[in-house]
Amino acid sequence: MKKVFALVDCNNFYAACERLFRPELSDKPIVVLSNNDGCVIARSNEVKKLGISMGAPYFKNEALLRKHNVTVFSSNYALYGDLSHRVMDVLQQLEPEVEMYSIDEAFLSLPYHNGREMCKYAAWIKEKVRQCVGIPVSIGIGPTKTLAKIATHIAKKNSQQNGVFSLVNHANSDALLESVVVADVWGIGRQYADILARRGILHALDLKNADDVWVRKHLTVNGLRTVMELRGISCLPLGSVPPAKKSIVSSRSFRRPVCEFSDLKEAVASYVSTAAAKLRAQGALAGAIHVFLSTNRFAAKGPQRSVSTMIKLPQPSSYTPTLLKYASQGLARIYKSGYRYNKAGIMLVELSGHLLKQANLFCPAEKESDSLMEAVDTINTRWGRNMVRFAAEGVAKSWRMKQAHKSPAYTTCWKNLPVVRAD
DNA sequence: TCTGGGGTCCTAGGACCC
DNA sequence: TCTGGGGTCCTAGGACCC
(Lines give C-alpha, C1' and ligand atoms only; values in the text may rest on other atoms or scores of the structure.)
Protein backbone atom coordinates (compact mmCIF):
# COMPACT_ATOMS: atom_id res chain seq x y z
CA MET A 1 0.00 0.00 0.00
CA LYS A 2 1.22 3.48 -0.81
CA LYS A 3 2.34 5.38 2.26
CA VAL A 4 2.82 9.03 3.00
CA PHE A 5 4.55 10.93 5.77
CA ALA A 6 2.88 13.07 8.39
CA LEU A 7 4.77 15.38 10.68
CA VAL A 8 3.21 16.12 14.04
CA ASP A 9 4.76 19.28 15.43
CA CYS A 10 3.88 20.75 18.84
CA ASN A 11 3.09 24.46 18.63
CA ASN A 12 5.54 26.61 20.61
CA PHE A 13 6.20 23.49 22.64
CA TYR A 14 8.04 24.79 25.71
CA ALA A 15 5.68 27.72 26.00
CA ALA A 16 2.70 25.35 25.69
CA CYS A 17 4.12 23.15 28.48
CA GLU A 18 4.39 26.11 30.82
CA ARG A 19 0.89 27.28 29.97
CA LEU A 20 -0.59 23.88 30.66
CA PHE A 21 -0.13 24.39 34.38
CA ARG A 22 -0.73 28.13 34.31
CA PRO A 23 -4.03 28.36 32.41
CA GLU A 24 -4.37 32.01 33.37
CA LEU A 25 -1.50 32.60 30.91
CA SER A 26 -3.24 30.91 27.99
CA ASP A 27 -3.81 34.15 26.11
CA LYS A 28 -0.93 36.10 27.66
CA PRO A 29 2.54 36.52 26.14
CA ILE A 30 5.22 34.20 27.53
CA VAL A 31 8.80 33.24 26.71
CA VAL A 32 11.09 30.41 27.78
CA LEU A 33 14.81 31.05 28.16
CA SER A 34 17.75 28.78 27.39
CA ASN A 35 19.96 27.39 30.14
CA ASN A 36 21.65 30.07 32.23
CA ASP A 37 18.74 32.33 31.28
CA GLY A 38 20.77 33.29 28.22
CA CYS A 39 18.56 33.44 25.13
CA VAL A 40 14.89 33.33 24.25
CA ILE A 41 14.27 29.81 22.89
CA ALA A 42 10.48 29.60 22.88
CA ARG A 43 7.87 32.29 22.38
CA SER A 44 4.13 32.35 22.45
CA ASN A 45 2.53 33.83 19.32
CA GLU A 46 1.96 37.16 21.09
CA VAL A 47 5.71 37.47 21.66
CA LYS A 48 6.54 36.52 18.07
CA LYS A 49 4.40 39.47 17.02
CA LEU A 50 6.49 41.77 19.23
CA GLY A 51 9.42 41.00 16.94
CA ILE A 52 11.47 39.07 19.48
CA SER A 53 13.42 36.55 17.46
CA MET A 54 14.40 33.00 18.29
CA GLY A 55 17.73 32.98 20.10
CA ALA A 56 17.58 36.66 21.01
CA PRO A 57 19.76 37.42 24.06
CA TYR A 58 17.53 37.87 27.09
CA PHE A 59 19.45 40.73 28.68
CA LYS A 60 19.06 42.78 25.51
CA ASN A 61 15.29 42.27 25.44
CA GLU A 62 14.49 42.31 29.12
CA ALA A 63 13.12 45.85 29.08
CA LEU A 64 10.88 45.21 26.08
CA LEU A 65 9.55 41.99 27.61
CA ARG A 66 8.79 43.76 30.88
CA LYS A 67 7.09 46.62 29.06
CA HIS A 68 4.67 44.18 27.42
CA ASN A 69 4.10 42.20 30.59
CA VAL A 70 5.62 39.05 29.19
CA THR A 71 5.88 36.20 31.68
CA VAL A 72 9.39 34.75 31.61
CA PHE A 73 10.36 31.13 32.34
CA SER A 74 13.73 29.45 32.74
CA SER A 75 14.00 26.11 30.93
CA ASN A 76 12.38 23.23 32.79
CA TYR A 77 13.52 20.17 30.86
CA ALA A 78 12.08 17.70 33.36
CA LEU A 79 8.64 19.08 32.53
CA TYR A 80 9.14 19.32 28.75
CA GLY A 81 10.67 15.84 28.56
CA ASP A 82 7.78 14.29 30.45
CA LEU A 83 5.09 16.01 28.38
CA SER A 84 6.95 15.07 25.22
CA HIS A 85 6.78 11.41 26.29
CA ARG A 86 3.05 11.73 26.83
CA VAL A 87 2.51 13.20 23.37
CA MET A 88 4.61 10.42 21.82
CA ASP A 89 2.68 7.78 23.78
CA VAL A 90 -0.61 9.03 22.37
CA LEU A 91 0.77 8.95 18.82
CA GLN A 92 2.11 5.43 19.31
CA GLN A 93 -1.26 4.26 20.51
CA LEU A 94 -2.86 5.62 17.34
CA GLU A 95 -0.29 4.61 14.74
CA PRO A 96 2.17 1.71 14.50
CA GLU A 97 4.94 3.59 12.72
CA VAL A 98 6.15 6.61 14.67
CA GLU A 99 9.57 8.22 14.59
CA MET A 100 10.28 10.52 17.51
CA TYR A 101 12.28 13.07 15.63
CA SER A 102 12.86 15.63 18.37
CA ILE A 103 11.41 16.61 21.71
CA ASP A 104 8.45 18.26 19.98
CA GLU A 105 8.14 16.53 16.61
CA ALA A 106 7.27 13.07 15.37
CA PHE A 107 7.01 11.62 11.86
CA LEU A 108 4.26 9.11 11.18
CA SER A 109 3.89 6.81 8.22
CA LEU A 110 0.24 6.81 7.11
CA PRO A 111 -1.57 4.79 4.47
CA TYR A 112 -2.42 6.90 1.47
CA HIS A 113 -5.90 8.31 1.00
CA ASN A 114 -7.13 11.31 -0.90
CA GLY A 115 -6.21 14.74 0.39
CA ARG A 116 -9.43 15.45 2.20
CA GLU A 117 -9.51 12.09 3.99
CA MET A 118 -5.91 12.55 5.08
CA CYS A 119 -6.63 15.97 6.51
CA LYS A 120 -9.69 14.67 8.32
CA TYR A 121 -7.67 11.90 9.94
CA ALA A 122 -4.86 14.31 10.87
CA ALA A 123 -7.38 16.64 12.48
CA TRP A 124 -8.61 13.70 14.54
CA ILE A 125 -5.05 12.92 15.71
CA LYS A 126 -4.55 16.56 16.57
CA GLU A 127 -7.71 16.53 18.68
CA LYS A 128 -6.68 13.31 20.44
CA VAL A 129 -3.35 14.84 21.52
CA ARG A 130 -5.13 17.93 22.75
CA GLN A 131 -7.60 15.85 24.73
CA CYS A 132 -5.09 13.45 26.29
CA VAL A 133 -2.14 15.76 26.95
CA GLY A 134 -3.38 19.29 26.40
CA ILE A 135 -0.64 20.28 23.96
CA PRO A 136 -1.70 21.88 20.64
CA VAL A 137 -0.03 20.43 17.55
CA SER A 138 0.09 21.14 13.82
CA ILE A 139 0.22 18.33 11.28
CA GLY A 140 1.62 18.40 7.76
CA ILE A 141 1.35 15.56 5.27
CA GLY A 142 3.47 14.93 2.21
CA PRO A 143 4.92 12.23 -0.04
CA THR A 144 8.35 12.80 1.56
CA LYS A 145 9.57 13.98 4.96
CA THR A 146 10.83 17.25 3.52
CA LEU A 147 7.44 17.98 1.92
CA ALA A 148 5.64 16.99 5.14
CA LYS A 149 7.80 19.57 6.91
CA ILE A 150 6.80 22.21 4.40
CA ALA A 151 3.15 21.20 4.77
CA THR A 152 3.45 21.72 8.53
CA HIS A 153 4.99 25.11 7.90
CA ILE A 154 1.98 26.02 5.73
CA ALA A 155 -0.45 24.62 8.31
CA LYS A 156 1.06 26.86 10.98
CA LYS A 157 1.21 29.98 8.85
CA ASN A 158 -2.33 29.93 7.50
CA SER A 159 -4.89 30.06 10.25
CA GLN A 160 -7.70 28.90 7.90
CA GLN A 161 -6.04 25.46 7.69
CA ASN A 162 -6.84 24.75 11.35
CA GLY A 163 -3.36 23.41 11.92
CA VAL A 164 -3.55 20.64 9.31
CA PHE A 165 -2.32 20.68 5.72
CA SER A 166 -1.59 18.08 3.07
CA LEU A 167 0.70 18.40 0.05
CA VAL A 168 -0.11 14.91 -1.19
CA ASN A 169 -1.32 15.18 -4.80
CA HIS A 170 -1.94 18.86 -4.30
CA ALA A 171 -2.95 20.56 -7.54
CA ASN A 172 -1.00 23.74 -6.81
CA SER A 173 2.00 22.35 -5.04
CA ASP A 174 4.48 24.24 -7.23
CA ALA A 175 2.73 27.52 -6.51
CA LEU A 176 2.93 26.72 -2.81
CA LEU A 177 6.63 25.85 -3.07
CA GLU A 178 7.17 29.18 -4.74
CA SER A 179 5.79 30.91 -1.67
CA VAL A 180 8.26 29.22 0.71
CA VAL A 181 11.64 30.93 1.09
CA VAL A 182 14.50 28.52 0.65
CA ALA A 183 15.83 29.07 4.17
CA ASP A 184 12.59 27.55 5.50
CA VAL A 185 13.28 24.27 3.74
CA TRP A 186 14.42 21.50 6.10
CA GLY A 187 18.17 21.02 5.64
CA ILE A 188 18.87 24.53 4.37
CA GLY A 189 20.55 26.66 7.01
CA ARG A 190 22.06 30.14 6.85
CA GLN A 191 25.22 29.22 4.98
CA TYR A 192 23.45 27.16 2.36
CA ALA A 193 20.76 29.82 1.94
CA ASP A 194 23.52 32.35 1.16
CA ILE A 195 25.18 30.04 -1.37
CA LEU A 196 21.79 29.43 -3.01
CA ALA A 197 20.88 33.12 -3.05
CA ARG A 198 24.08 33.92 -4.95
CA ARG A 199 22.85 31.54 -7.63
CA GLY A 200 19.41 33.10 -7.67
CA ILE A 201 17.78 30.21 -5.83
CA LEU A 202 15.45 31.97 -3.44
CA HIS A 203 12.39 29.77 -3.00
CA ALA A 204 11.69 26.09 -2.44
CA LEU A 205 10.50 25.79 -6.04
CA ASP A 206 13.84 27.12 -7.37
CA LEU A 207 15.64 24.52 -5.29
CA LYS A 208 13.38 21.78 -6.56
CA ASN A 209 14.35 22.74 -10.13
CA ALA A 210 18.05 23.32 -9.41
CA ASP A 211 20.84 21.53 -11.26
CA ASP A 212 21.74 18.25 -9.56
CA VAL A 213 25.48 18.40 -10.25
CA TRP A 214 25.77 21.93 -8.94
CA VAL A 215 23.78 21.05 -5.81
CA ARG A 216 25.89 17.95 -5.16
CA LYS A 217 29.05 20.02 -5.47
CA HIS A 218 28.03 22.91 -3.23
CA LEU A 219 25.57 21.36 -0.78
CA THR A 220 26.99 17.81 -0.54
CA VAL A 221 24.89 14.68 -0.90
CA ASN A 222 22.57 15.89 1.85
CA GLY A 223 21.62 18.90 -0.26
CA LEU A 224 20.94 16.65 -3.21
CA ARG A 225 18.71 14.47 -1.04
CA THR A 226 16.73 17.58 -0.08
CA VAL A 227 16.25 18.41 -3.77
CA MET A 228 15.05 14.87 -4.51
CA GLU A 229 12.65 15.03 -1.60
CA LEU A 230 11.23 18.31 -2.91
CA ARG A 231 10.59 16.47 -6.18
CA GLY A 232 8.59 13.89 -4.28
CA ILE A 233 11.26 11.17 -4.32
CA SER A 234 11.58 9.88 -0.78
CA CYS A 235 15.22 9.58 0.34
CA LEU A 236 14.77 9.77 4.10
CA PRO A 237 12.96 6.71 5.43
CA LEU A 238 11.01 6.61 8.65
CA GLY A 239 13.25 5.45 11.52
CA SER A 240 10.90 4.08 14.12
CA VAL A 241 13.74 2.59 16.17
CA PRO A 242 15.91 5.33 17.63
CA PRO A 243 19.56 4.61 16.79
CA ALA A 244 21.99 4.21 19.67
CA LYS A 245 23.83 7.41 20.54
CA LYS A 246 27.35 7.74 19.21
CA SER A 247 28.36 10.43 21.66
CA ILE A 248 27.06 11.94 24.88
CA VAL A 249 27.75 15.57 25.68
CA SER A 250 27.40 17.45 28.92
CA SER A 251 28.36 21.10 29.07
CA ARG A 252 27.12 24.32 30.59
CA SER A 253 27.82 28.01 30.61
CA PHE A 254 28.71 29.42 34.01
CA ARG A 255 26.71 31.92 35.98
CA ARG A 256 29.83 34.10 36.17
CA PRO A 257 33.31 33.93 34.59
CA VAL A 258 35.47 31.25 36.21
CA CYS A 259 39.27 31.52 36.43
CA GLU A 260 40.33 28.97 39.03
CA PHE A 261 41.33 25.43 38.18
CA SER A 262 39.58 24.06 41.27
CA ASP A 263 36.21 25.50 40.18
CA LEU A 264 36.61 24.18 36.65
CA LYS A 265 37.54 20.79 38.01
CA GLU A 266 34.31 20.67 40.02
CA ALA A 267 32.25 21.73 37.04
CA VAL A 268 33.87 19.14 34.77
CA ALA A 269 33.31 16.49 37.44
CA SER A 270 29.60 17.35 37.57
CA TYR A 271 29.32 17.06 33.78
CA VAL A 272 31.15 13.73 33.76
CA SER A 273 28.79 12.45 36.41
CA THR A 274 25.70 13.47 34.42
CA ALA A 275 27.01 12.03 31.15
CA ALA A 276 28.16 8.80 32.80
CA ALA A 277 24.67 8.18 34.18
CA LYS A 278 23.23 8.63 30.67
CA LEU A 279 25.91 6.31 29.32
CA ARG A 280 24.98 3.56 31.77
CA ALA A 281 21.28 4.11 31.12
CA GLN A 282 21.83 3.12 27.50
CA GLY A 283 24.02 0.21 28.58
CA ALA A 284 27.12 1.54 26.86
CA LEU A 285 30.80 2.11 27.55
CA ALA A 286 32.91 5.07 26.46
CA GLY A 287 36.24 4.54 24.75
CA ALA A 288 37.44 8.11 25.01
CA ILE A 289 36.52 11.41 26.53
CA HIS A 290 36.84 14.96 25.20
CA VAL A 291 37.23 17.84 27.61
CA PHE A 292 36.71 21.41 26.43
CA LEU A 293 36.92 24.88 27.84
CA SER A 294 36.28 28.33 26.44
CA THR A 295 36.07 32.01 27.31
CA ASN A 296 33.09 34.16 26.37
CA ARG A 297 33.26 34.66 22.61
CA PHE A 298 31.04 37.74 22.92
CA ALA A 299 33.31 39.51 25.41
CA ALA A 300 34.80 42.63 23.85
CA LYS A 301 37.88 42.75 26.06
CA GLY A 302 40.09 40.20 27.72
CA PRO A 303 42.04 37.41 26.02
CA GLN A 304 40.04 34.70 24.25
CA ARG A 305 40.73 31.01 24.51
CA SER A 306 38.91 27.94 23.29
CA VAL A 307 40.63 24.58 23.77
CA SER A 308 39.83 20.94 23.84
CA THR A 309 41.61 17.65 24.25
CA MET A 310 40.82 13.99 23.82
CA ILE A 311 41.84 11.29 26.26
CA LYS A 312 41.72 7.70 25.17
CA LEU A 313 40.77 5.33 27.99
CA PRO A 314 42.97 2.27 28.48
CA GLN A 315 39.77 0.24 28.16
CA PRO A 316 36.16 1.29 27.59
CA SER A 317 34.38 2.23 30.79
CA SER A 318 31.17 3.59 32.25
CA TYR A 319 32.52 3.78 35.80
CA THR A 320 32.24 7.35 37.01
CA PRO A 321 35.45 7.41 39.10
CA THR A 322 37.48 6.19 36.11
CA LEU A 323 35.91 8.79 33.84
CA LEU A 324 36.47 11.48 36.49
CA LYS A 325 40.14 10.58 36.69
CA TYR A 326 40.77 10.91 32.97
CA ALA A 327 38.60 14.00 32.55
CA SER A 328 40.57 15.69 35.29
CA GLN A 329 43.83 14.79 33.53
CA GLY A 330 42.42 16.27 30.34
CA LEU A 331 41.42 19.47 32.07
CA ALA A 332 44.89 19.84 33.60
CA ARG A 333 46.34 19.44 30.12
CA ILE A 334 44.33 22.29 28.59
CA TYR A 335 43.94 24.66 31.56
CA LYS A 336 45.92 27.89 31.58
CA SER A 337 45.45 30.55 34.24
CA GLY A 338 44.77 34.18 33.38
CA TYR A 339 41.58 33.62 31.40
CA ARG A 340 37.95 34.24 32.30
CA TYR A 341 36.32 30.98 31.23
CA ASN A 342 32.57 30.98 30.75
CA LYS A 343 31.93 27.44 29.60
CA ALA A 344 33.31 23.95 30.01
CA GLY A 345 32.12 20.54 28.98
CA ILE A 346 32.90 16.95 28.26
CA MET A 347 31.93 14.55 25.51
CA LEU A 348 31.96 10.77 25.83
CA VAL A 349 32.80 9.16 22.49
CA GLU A 350 33.67 5.83 20.90
CA LEU A 351 30.65 4.32 22.62
CA SER A 352 30.27 0.58 22.51
CA GLY A 353 27.93 -1.99 23.97
CA HIS A 354 28.50 -3.44 27.40
CA LEU A 355 29.19 -6.91 26.00
CA LEU A 356 31.99 -5.74 23.77
CA LYS A 357 34.28 -4.78 26.63
CA GLN A 358 37.78 -5.37 25.35
CA ALA A 359 40.49 -5.84 27.97
CA ASN A 360 43.83 -4.16 27.49
CA LEU A 361 46.68 -6.63 27.41
CA PHE A 362 49.34 -4.12 28.43
CA CYS A 363 47.51 -2.15 31.04
CA PRO A 364 46.06 -3.54 34.24
CA ALA A 365 42.30 -3.14 34.41
CA GLU A 366 40.96 -0.33 36.56
CA LYS A 367 39.23 -1.52 39.68
CA GLU A 368 35.64 -0.86 38.76
CA SER A 369 32.49 -1.75 40.59
CA ASP A 370 29.36 -2.16 38.51
CA SER A 371 27.28 -2.71 41.61
CA LEU A 372 28.36 0.63 43.10
CA MET A 373 27.24 2.46 39.95
CA GLU A 374 24.02 0.50 39.90
CA ALA A 375 23.33 1.55 43.48
CA VAL A 376 24.07 5.21 42.70
CA ASP A 377 21.81 5.17 39.64
CA THR A 378 19.01 3.42 41.49
CA ILE A 379 19.08 5.88 44.38
CA ASN A 380 19.19 8.90 42.08
CA THR A 381 16.37 7.60 39.91
CA ARG A 382 14.24 6.84 42.93
CA TRP A 383 14.97 9.86 45.11
CA GLY A 384 15.94 12.56 42.66
CA ARG A 385 18.99 13.58 40.69
CA ASN A 386 22.16 14.26 42.67
CA MET A 387 20.76 12.61 45.79
CA VAL A 388 24.12 10.84 46.00
CA ARG A 389 27.06 12.29 44.15
CA PHE A 390 30.83 12.33 44.00
CA ALA A 391 32.78 14.66 46.26
CA ALA A 392 34.76 15.85 43.22
CA GLU A 393 31.62 17.65 42.01
CA GLY A 394 31.91 20.12 44.88
CA VAL A 395 29.24 21.47 47.16
CA ALA A 396 28.97 25.24 46.85
CA LYS A 397 28.98 25.30 43.02
CA SER A 398 29.09 29.07 42.80
CA TRP A 399 29.60 28.68 39.04
CA ARG A 400 26.32 26.86 38.55
CA MET A 401 24.02 28.18 35.83
CA LYS A 402 21.41 30.81 36.43
CA GLN A 403 17.74 29.77 36.46
CA ALA A 404 15.86 32.63 38.03
CA HIS A 405 12.42 31.87 36.59
CA LYS A 406 12.04 28.12 36.75
CA SER A 407 8.59 26.58 37.11
CA PRO A 408 7.99 23.52 39.35
CA ALA A 409 8.49 19.99 38.04
CA TYR A 410 4.71 19.55 38.07
CA THR A 411 4.66 16.05 36.62
CA THR A 412 7.90 14.44 37.77
CA CYS A 413 8.28 15.38 41.42
CA TRP A 414 5.82 14.50 44.19
CA LYS A 415 6.49 17.72 46.05
CA ASN A 416 5.59 19.75 42.97
CA LEU A 417 2.31 18.12 42.06
CA PRO A 418 -0.26 20.78 41.27
CA VAL A 419 -3.04 21.06 43.83
CA VAL A 420 -6.62 21.36 42.62
CA ARG A 421 -9.08 23.12 44.88
CA ALA A 422 -12.83 22.86 44.60
CA ASP A 423 -14.07 25.97 46.30
C1' DT B 1 26.98 42.06 34.46
C1' DC B 2 24.03 39.18 31.30
C1' DT B 3 24.37 35.66 24.19
C1' DG B 4 22.10 27.43 25.32
C1' DG B 5 22.86 22.56 24.89
C1' DG B 6 22.89 18.16 22.56
C1' DG B 7 23.20 15.76 18.59
C1' DT B 8 24.42 13.91 13.33
C1' DC B 9 26.68 13.76 8.96
C1' DC B 10 30.02 15.08 5.30
C1' DT B 11 34.40 16.62 3.39
C1' DA B 12 39.15 17.90 2.93
C1' DG B 13 43.53 17.00 4.01
C1' DG B 14 47.29 14.68 6.30
C1' DA B 15 49.52 10.37 7.71
C1' DC B 16 50.63 6.16 6.42
C1' DC B 17 50.84 1.90 3.69
C1' DC B 18 52.56 -0.81 -0.32
C1' DT C 1 68.24 17.86 -11.90
C1' DC C 2 64.70 14.64 -12.47
C1' DT C 3 61.68 10.44 -7.13
C1' DG C 4 54.42 7.46 -8.42
C1' DG C 5 50.06 6.42 -7.64
C1' DG C 6 46.45 4.48 -5.32
C1' DG C 7 44.35 3.20 -1.31
C1' DT C 8 42.73 3.54 3.71
C1' DC C 9 42.18 5.63 8.02
C1' DC C 10 41.81 9.40 11.07
C1' DT C 11 40.82 14.08 12.51
C1' DA C 12 39.32 18.78 12.43
C1' DG C 13 36.16 21.72 10.92
C1' DG C 14 31.95 23.01 9.07
C1' DA C 15 27.37 22.33 7.80
C1' DC C 16 22.78 21.00 9.45
C1' DC C 17 18.86 19.85 12.94
C1' DC C 18 15.86 20.86 17.29
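Just so it is clear: chains get the letters A, B, ... in the order the sequence lines come, proteins before strands, and each one is counted from 1.
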- Task: Please list every stem that involves DNA chain B, where a stem is a run of 3 or more consecutive Watson-Crick or G-U wobble pairs with both pairing distances under 3.5 Å.
- Result: B:5-18 with C:5-18
- Residues within residues 32-45 of chain A bordering DNA chain B, heavy-atom distance below 4.0 Å: A/Ser34, A/Asn35, A/Gly38, A/Cys39
- Message: Can you pull out the residues from residues 334-343 of chain A that lie within a 4.0 Å heavy-atom distance of DNA chain C?
- Response: none
- Query: So which of residues 247-258 of chain A are in contact with DNA chain C, with a heavy-atom cut-off of under 4.0 Å?
  - Reply: none
Under 3.5 Å, N/O pairs linking protein and nucleotides 13-16 of chain C:
unit_1	atom_1	unit_2	atom_2	d
C/dC16	OP1	A/Gly189	N	3.0
C/dC16	OP1	A/Gly189	O	3.2
C/dC16	OP1	A/Arg190	N	3.4
C/dC16	OP1	A/Gln191	N	3.2
C/dC16	OP1	A/Tyr192	N	2.8
C/dC16	O3'	A/Gly187	O	3.4

- Quick note, ring-ring contact (aromatic ring centres under 6.0 Å, His included) partners involving residues 289-314 of chain A, not counting sequence neighbours, are none
Sequence neighbours left out, what pairs pass side-chain hydrogen bond (donor to acceptor under 3.5 Å, both in side chains) with at least one residue falling in [range]?
{"range": "residues 190-201 of chain A", "answer": "none"}
{"range": "residues 405-416 of chain A", "answer": "A/Glu18-A/Ser407, A/Asn76-A/Ser407, A/Asp82-A/Thr411"}
{"range": "residues 373-394 of chain A", "answer": "A/Ser273-A/Glu393, A/Arg280-A/Asp377"}

- Taking only residues two or more places apart in sequence, or in another chain, which ones meet A/Leu20 in a side-chain contact (heavy atoms from CB on, under 4.5 Å)? A/Leu83, A/Ile135
N/O to N/O distances under 3.5 Å, protein versus nucleotides 9-12 of chain B:
unit_1	atom_1	unit_2	atom_2	d
B/dC9	OP2	A/Lys246	NZ	2.7
B/dT11	OP1	A/Arg216	NH1	3.0
B/dT11	OP1	A/Arg216	NH2	3.3

- Of all pairs that satisfy salt bridge (charged side-chain N to carboxylate O under 4.0 Å, His left out), the ones with a partner from residues 93-108 of chain A, not counting sequence neighbours: A/Lys3-A/Glu97, A/Glu99-A/Lys145, A/Glu105-A/Lys149
